[in-house]
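Working notes, beginning with the structure itself.
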Amino acid sequence: MPVITLPDGSQRQFDHAVTVADVAADIGPGLAKAALAGRVGDTVVDTSYLISDDADLAIITARDDDGLDVIRHSTAHLMAQAVKQLFPSAQITIGPVIENGFFYDFSYERGFTPEDLSAIETSMGELAKADLQVSRSELSRDDAVAYFKDQGEHYKAEIIESIPAEEAIGLYGQGDWKDLCRGPHVPSTGHLKAFKLMKLAGAYWRGDSDNEMLQRIYGTAWGDKKALKAYLHRLEEAEKRDHRKFGTALDLFHLQPEAPGMVFWHDKGWRLYLVIENYVREKLSNGGYQEVRTPQILDRSLWEKSGHWGKYDENMFTTGSEKRDYAIKPMNCPGHVQIYNHGLHSYKDLPIRMAEFGSCHRNEASGTLHGLMRVRNFVQDDAHIFCTEDQIQEEVARFIELLKDVYADFGFTDIIINLSTRPEQRVGADALWDKAEAALESVLNTLGLDWTLQAGEGAFYGPKIDFSLKDSIGRVWQLGTMQLDFSMPDRLDAQYVDRDGVKRTPVMLHRAILGSLERFIGVLLEHYAGILPFWLSPVQCVVMGITHRQDEYVKKIAETLKKQGFRVDLDLRNEKIGLKIRQHSVQKIPYLLVVGDREMENGTVALRAQNGDDLGSQSVEAVTELFADLVAKRSRV
RNA sequence: GCCGAGAUAGCUCAGUCGGUAGAGCAACUGAUUCGUAAUCAGUAGGUCGGAGGUUCGAUUCCUCUUCUCGGCACCA
């Protein structure tokens, strides 16, 4: 006699055990049709799930997030079914739900082609239209293994073999096809109406690069065609923001085959780069950091001592001279320890905060390179803080304050914080880890920050806090980091003389706010869709005349603004004003200053903002004031 | 690095079922001196990523290679 409590608090009583579908039908025929699954308590179940005791139940439809997951999961199954139908000798493996869609990995004797993909999609459409019932059954583990082995599905059998023998295995079937699955799934394939196969890719079996490479097909699936269309539109919009496009279109930078993963910064891109670097430089200087410069190339022995040669030799560029081996630095820290070691330090000197905008090279695998986001040569807003264990907490707090300040200036306020603690393989005594992790945790809590624990994700030499931010279209980028290091100062013999006259090893904090400047610029460009805030814009305004009569006046205005420190271009070409405005608008220049005879007579300029707003005729003083204010506030235009 | 796809003018792209290529924008020349997102006309521009092979002939087919793109693994 189950009593079913619905989300609105209403209750329905039945005199026999009921399925989720029964309850939905009892509520109304519309809901019965739309029901994809049910949520009993916290568990999402099939509509065929039988409820015999009192329960809280929500009927899940495509409008529910859980409903979307069910649709995506079922669409993955639909795809696997289609693949097996078209390519019977393909083997199925796993097919989970991911953000916005799903994928399924297959093993097949040849690679799938884009033509195969559209054939699979067509076939999926037919299977969905056939509205096949999806049914769940159970087998004992050993029977399930035997079943899949018999079907020639060796990967599936392997997965099931790793499940405890006493557990029953859930099988979902539709038509003549069955897959091992926890479920839940839609009641019939007719509920799958809005999906699209997106791309083909390789993926290692069980995510291990020593294993066979499988073929992964990615797809997206939604509750209805409209949502699918909206998603595809969002993808197009994201593509338009691709920072690599702005590299060429705005003449900021380029990459070429002779220097894979290493950026050629053009005039305008380098201006942007320098504005950012100098901005951080000033912030660090105000924050009590010293700035240093260390060599690009250091002897092998130093990298052996630091441990890098042993661990990362594949990923370092090396060179030689007169029988000596050198490595081009992949990081600044060993160099900083050399400066630290040059002289004797008292505990009174600590903390020492040492910053460097040093150019680093890492020989990243070729397949990982990606525009500015993943490069082989980069500069970080890098610094190392040498301090005592007792100073960790305060230094971390100071750093976070600085970081928030900097992020806000760049227009990012949505910061995501992760604390990563000791990994299995690590150096340093557990007592030290206890202390360090507690210190980081305590700082985060004291500052009242939201953070997530990533247990076991710390570096081998110490725990760390990572800072990510969300951009304007919701993508998350990890930028900042604060890593505690108990290993390197000791390896490289850094010491200080403590209060009691005993030499002790300082703790070293590796920290960066923006991370790689290259990558940060990539993130900025995508975040702002190329329309940079005034203070960052490589060209802040263009002054242009209507005819040649205003040439001298244009030059004078431009000169005045340049003297105030603004980045100004002038356009004296004999072109129509419409063309000039179009071209500079396309270049995303924050302000266009147009002068004709009228402005020349009045000593004013006609101001036009990047978004097309006509700000009317203004005096040069008013414009200067506006610009200075924008820079001071670092506000978006 | 691995799987797959791609590389054609400065940029964006079309094309050639094997007979050495075409558009728009940009560039250059000329005309136009014009009031807020494209003035008109003309000219020039390519060893079709690189190397090798098949062929009478390769930008096209094959092999290798470099780089790029999408993933996977990696990311001190």
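Excluded from the calculations below are hydrogen atoms, water molecules and symmetry mates; all remaining heavy atoms, backbone and side chain alike, are included. Predicted model, so just to flag it, every value in this text is computed and none were measured. Letters A, B, ... are given to chains in the order of the sequence lines, protein chains preceding strands, and every chain is numbered from 1.
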On a whole-Å scale, what distance lies between the [atom1] atoms belonging to [N] and [M]?
| N | M | atom1 | value |
| --- | --- | --- | --- |
| B:rA27 | B:rA73 | C1' | 45 Å |
| B:rU12 | B:rU68 | P | 15 Å |
| B:rU55 | B:rG18 | C1' | 9 Å |
| B:rC40 | B:rU33 | C1' | 15 Å |
| B:rC48 | B:rG22 | C1' | 12 Å |
| B:rG50 | B:rU43 | C1' | 32 Å |
| B:rA31 | B:rG45 | P | 23 Å |
| B:rU59 | B:rC17 | C1' | 15 Å |

task = Report the residues that fulfil side-chain contact (heavy atoms from CB on, under 4.5 Å) with A:R549, sequence neighbours left out, ordered by chain and then residue number.
result = A:T547, A:D597

Reckon [X] touches a base, only the sugar-phosphate, or nothing at all at heavy-atom distances under 4.0 Å?
| X | value |
| --- | --- |
| A:G207 | sugar-phosphate |
| A:L200 | base |
| A:R549 | sugar-phosphate |
| A:A606 | base |
| A:G247 | nothing |
| A:D210 | nothing |
| A:G111 | nothing |
| A:T547 | base |
| A:E599 | base |
| A:P330 | base |
| A:A365 | base |
| A:Y218 | sugar-phosphate |
| A:H370 | sugar-phosphate |
| A:F103 | nothing |

query = Is A:R271 paired with A:D267 through a side-chain N to carboxylate O contact shorter than 4.0 Å?
reply = yes

inquiry  = Check this for me, if you would: do A:K240 and A:E237 make a salt bridge, where the nitrogen-to-carboxylate-oxygen distance has to be below 4.0 angstrom?
reply    = yes

task = For A:E115, enumerate each residue passing the side-chain hydrogen bond (donor to acceptor under 3.5 Å, both in side chains) test, keeping only those at least two apart in sequence or located in another chain.
result = A:T113

message = Here's a test of your reading of the structure: between A:R582 and A:R374, which maps to the more 5' nucleotide of RNA chain B?
response = A:R582

remark   = Judged by nearest nucleotide, the residue sitting upstream toward the 5' end of RNA chain B, A:L255 or A:H308, is A:L255

[X]: what forms a salt bridge (Lys or Arg N to Asp or Glu O under 4.0 Å) with it, not counting sequence neighbours?
| X | value |
| --- | --- |
| A:D490 | none |
| A:K156 | A:D179 |
| A:D299 | A:R324 |
| A:R475 | A:D471, A:E526 |

query = Looking at RNA chain B, which of residues 463-471 of chain A put a heavy atom within less than 4.0 Å of it?
reply = none

message = Filter on salt bridge (Lys or Arg N to Asp or Glu O under 4.0 Å), then keep only pairs touching residues 457-469 of chain A, sequence neighbours left out; what's left?
response = A:K464-A:D466

query = Any salt bridge (Lys or Arg N to Asp or Glu O under 4.0 Å) pairs touching residues 200-209 of chain A, not counting sequence neighbours?
reply = A:E158-A:R206

request  = Indicate yes or no: at least one non-hydrogen side-chain atom of A:E395 is less than 4.5 angstrom from one of A:R353.
outcome  = yes

message = Tell me whether the NZ or CZ atom of A:K588 lies within the 45° cone about the ring axis of A:F246 and under 6.0 Å from its centre.
response = no

message = Among residues at least two apart in sequence or on other chains, which ones pass ring-ring contact (aromatic ring centres under 6.0 Å, His included) with A:Y553?
response = none

ask   = For RNA chain B, what dot-bracket results from Watson-Crick or G-U pairs at under 3.5 Å, with [ ] for crossers and | for inter-strand partners?
value = (((((((..((((.....[..)))).(((((.......))))).....(((((..]....))))))))))))....

ask   = On RNA chain B, which is the earliest and which the latest nucleotide, 5' to 3', with an atom closer than 4.0 Å to a heavy atom of chain A?
value = B:rG1 to B:rA76

